[in-house]
Every structure is written in structure tokens, then in C-alpha cells.
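Everything below concerns the one structure shown next.
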Amino acid sequence: MATTSVTMRVDCDDKAKAEQIFSALGLNMSTAFNMFIKQTIRCDGIPFDVTLRNRSNDDYFYSPANTAHLNRSIAQLNSGKISEHELIEVDD
């Protein structure tokens with residue numbers, strides 16, 4: 001398999017942070033980018049969502065519906081309106 005070199009410009013801080021993450025995963029920058037390229041080819045596009053939405057607003061955990069559910073659950077817990085259940089383990 002023939003290889004070629006790719007040169008790109010990246011913010012110094014971003015590069016350092018990415019290298020630290022890749023290193024923790026046992027990867028180097030070259031391997032990580034090759035993984036990205038392979039996934040791009042397999043997906044026939046960018047292998048993750050590229051949107052303009054604010055991530056914190058889209059996070060289900062912090063959505064209004066889930067926050068309301070969590071608040072109701074906390075209120076039930078605080079008011080003593082809960083019941084204990086035994087853990088039943090089932091052998092397959």
C-alpha cells in the first residue's frame with residue numbers, strides 16, 4: 001500500500017490536548033487521523049454529526065422533560081413516597 005504525507009495547520013493548544021487524549025488511548029496523532037479517514041470512507045461522510053446546535057441545550061440529561069422527571073423523583077424521595085424493592089437475580 002502506497003502512503004503519502006498530509007500537512008495541516010492546527011491550533012497549538014488543540015494539538016496538545018488531542019495528543020494527550022490520543023496518548024491515553026494508546027494512539028499517536030498519525031494513527032488517530034488515519035482512523036478518522038478510514039471511518040470517513042466507511043461512512044461515506046464525516047463520521048459524527050456536524051451541527052450548529054449548542055451541545056448543552058441538546059443534551060438529553062439536561063432537557064426540560066428529563067429535568068422535570070428528575071425533580072419529581074427527588075421530591076418523591078424527599079417526601080418518603082418511595083418503596084423498596086428486592087433485587088431478584090435470574091440465572092440464564
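Just so it is clear, the structure is predicted and the values come from calculations on it, not from any experiment.
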Going by chain and number, the hydrophobic cluster around I82 (ILVMFWY, side chain to side chain under 4.5 Å) further includes L77
In short, side-chain hydrogen bond (donor to acceptor under 3.5 Å, both in side chains) pairs touching residues 6-28 with sequence neighbours left out are K15-E19, N28-T31
Across all chains, not counting sequence neighbours, the side-chain contact (heavy atoms from CB on, under 4.5 Å) partners of F36 are T40, I46, P47, F48
Apart from L25 itself, its cluster of hydrophobic side chains linked below 4.5 Å comprises V6, M8, V10, I21, F22, L27, M29, F33, M35
OG1 (T67) and CZ (R72) are apart, to the nearest 0.5 Å, by 10.5 Å
For residues 21-46, the salt bridge (Lys or Arg N to Asp or Glu O under 4.0 Å) pairs (sequence neighbours left out) are none
Hits for side-chain contact (heavy atoms from CB on, under 4.5 Å) against I37, two or more places apart or cross-chain, chain-then-number order -> I41
Here the gap from N66 atom CG to S73 atom OG, rounded to the nearest 0.5 Å, amounts to 9.0 Å
